[in-house]
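Numbered from 1 within each chain, the chains take letters A, B, ... in sequence-line order.
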2 protein chains.
Amino acid sequence: MTALPNRDRRAERREATRREILDAAWLIARRDGLTAVTLREIAGRIGMRPPSLYSHFDSKNAVYDAMFAESWQQVIDELSTIDYPDQERAALLTEAEAYFDFATSDLARNQLMNQRVIHDFEPTEAAYAVAVDAYGRMRDFLRGVGVRREADLDLWTALLAGAINQQHANDPSGKRWRRQLPRLVDMFCDEVGIPGPSLRRAK
Amino acid sequence: MTALPNRDRRAERREATRREILDAAWLIARRDGLTAVTLREIAGRIGMRPPSLYSHFDSKNAVYDAMFAESWQQVIDELSTIDYPDQERAALLTEAEAYFDFATSDLARNQLMNQRVIHDFEPTEAAYAVAVDAYGRMRDFLRGVGVRREADLDLWTALLAGAINQQHANDPSGKRWRRQLPRLVDMFCDEVGIPGPSLRRAK
DNA sequence: GTCTATATTCTGATAGAC
DNA sequence: GTCTATCAGAATATAGAC
């Protein structure tokens with residue numbers, strides 16, 4: 001009786017190559033924009049020929065699909081490490097700042113996640129499920145501080161999206177709209193009835 | 001002494017061709033996305049050969065540049081026809097709805113105006129000046145209802161951008177975030193100290 | 001799993017005739 | 001101002017050898 005190996009070196013290597021492909025794609029996307037990603041350049045960067053990529057991804061959009069899924073997974077991972085303060089308003093501000101920083105730290109990623117920049121790309125069901133999961137966690141978090149109505153969730157996402165979008169468009173290297181976050185969170189809390197001291201007096 | 005002609009038929013025809021080119025480009029952009037615009041298809045649609053377009057535009061990005069400028073000019077034209085109510089909050093809501101409707105009625109246009117979808121396109125000084133003009137008019141309008149601080153302007157643009165962005169991304173054919181506008185305007189007015197009755201009680 | 005070779009189509013742009 | 005001809009290159013994707 002031969003013992004089964006406890007590591008699958010083939011699978012590990014395969015996963016490593018897949019990782020290299022995605023990293024190269026991200027590098028190109030950040031440098032020249034999402035639409036500038038080409039199989040040719042991905043291959044060139046990792047010392048492969050373009051057709052070899054098809055052993056790992058069925059198509060170029062399959063690469064985008066993996067990027068889409070991993071972006072939303074990063075949101076989940078990032079937000080799940082947060083140690084929230086007890087006070088509701090402070091917790092909301094912490095959440096807002098974390099998501100804002102995540103979104104504004106990578107324009108290409110944010111475009112892939114939230115804008116229809118690649119017109120013929122639609123996430124697969126599996127990839128979309130990760131985004132739905134991330135949204136569900138945000139909803140659970142808001143429920144935890146007393147926000148339950150659908151319209152209030154829409155309000156929250158609009159406030160965040162607006163600050164992020166303006167930051168990208170008009171002050172990509174600054175903090176002009178990030179500074180508005182305490183104010184936006186206060187406005188949100190006042191509107192939906194979350195009590196507590198204003199976030200802008202302290203400190 | 002021969003009289004000068006009071007019309008320049010040559011210039012008129014030239015302008016008409018330029019118009020045809022831009023209309024074709026818009027059609028493609030709306031149908032398949034901004035990045036799908038090609039000189040080949042523009043030419044095909046108006047019964048020309050691709051090289052002929054260079055008699056009217058120096059490059060493909062020059063076409064985008066004209067589209068950028070005319071988009072911002074449309075904002076100016078659109079908002080300047082508005083007959084605002086006297087009451088400040090009502091006036092702000094009218095403005096917000098007009099701009100929201102403008103932005104959400106054409107995804108490609110909004111991407112060209114406000115997102116960096118075409119990575120190697122940067123508007124010329126002349127085209128950018130139109131955008132600056134539009135922004136100046138919005139600033140003047142807000143000043144007219146008592147909003148003067150830079151941070152308050154940033155707040156206003158963030159609220160609008162957020163609603164527009166979420167509408168595009170998550171409910172492109174509906175009104176889910178448009179319904180939030182009265183609420184958003186009320187929140188804004190409360191925050192910056194514009195008096196008046198809530199926009200959500202009446203009607 | 002990676003390669004070579006290739007298919008097919010498209011890209012923006014220029015030269016020069018008419 | 002529009003055309004033909006052409007450039008020089010890039011795009012995604014497939015077939016089949018190794």
TODO: Can you tell me the distance, in whole Å, between the CG atom of B:Asp58 and the C1' atom of C:dT14?
DONE: 13 Å

Task: Whole angstrom value for the distance that separates C1' of D:dT2 from CD1 of B:Ile21 - done: 12 Å

Open item on the list: Rounded to whole Å, how long is the line connecting atom CZ of A:Phe121 with atom P of D:dT12?
Closed with: 15 Å

Open item on the list: Closer than 4.0 angstrom, basic N to acidic O: yes or no for B:Asp154 and B:Arg149?
Closed with: no

Task: Nucleotide nearest A:Lys60 (side chain, heavy atoms from C-beta), chosen from D:dA11, C:dT4, D:dC3 - done: D:dA11

Task: Rounded distance (Å) that lies between atom C1' of D:dG1 and atom CZ of B:Phe57 - done: 14 Å

Open item on the list: Expressed as a whole number of angstroms, how long is the span from A:Leu53:CG to C:dG1:P?
Closed with: 13 Å

- [ ] Measure the distance from CE on B:Met48 to C1' on D:dT2 and round it to the nearest whole Å.
- [x] 7 Å

Open item on the list: By nearest atom, which of the nucleotides C:dT2, C:dA13, C:dG1 is closest to the A:Arg14 side chain?
Closed with: C:dG1

Task: Shortest side-chain distance from B:Ser55, nucleotide among C:dT2, D:dT4, D:dT2 - done: D:dT2

TODO: Go through D:dT2, C:dT2, D:dA13 for me and flag the one nearest to the B:Ser52 side chain.
DONE: D:dT2

Open item on the list: Can you tell whether the side chains of A:Arg31 and A:Glu41 come within less than 4.0 Å, N to carboxylate O?
Closed with: yes

Task: Side-chain ion pair, A:Glu15 and A:Arg9, N-O less than 4.0 Å - done: no

Task: Salt-bridge criterion met for A:Asp152 and B:Arg183 (N-O under 4.0 Å) - done: yes

- [ ] When you get a sec, tell me which of C:dA15, C:dG12, C:dA5 is the closest nucleotide to the side chain of A:Pro51?
- [x] C:dA5

Open item on the list: Checking side-chain polar atoms at under 3.5 Å, does A:Asn165 have a donor or acceptor matched by the opposite partner on A:Gln115?
Closed with: yes

TODO: Examine B:Tyr84 together with B:Phe141 and report whether their ring centres are nearer than 6.0 Å.
DONE: yes

Task: Residue-level proximity of residues 30-44 of chain A to DNA chain D when a heavy atom falls under 4.0 Å - done: A:Val37, A:Thr38, A:Leu39, A:Arg40

Open item on the list: Within the 3.5 Å criterion, strictly below it, is a donor on A:Thr104 or A:Gln167 matched to an acceptor on the partner's side chain?
Closed with: no

- [ ] Could you tell me whether B:Pro50 contacts a base, only the sugar-phosphate backbone, or nothing, with contacts defined as non-hydrogen atoms closer than 4.0 Å?
- [x] nothing

Task: Distance, rounded to the nearest Å, where A:Arg18 contributes CZ and C:dT2 contributes C1' - done: 18 Å

Open item on the list: Rounded to whole Å, how long is the line connecting atom CD of B:Glu15 with atom P of D:dG1?
Closed with: 12 Å

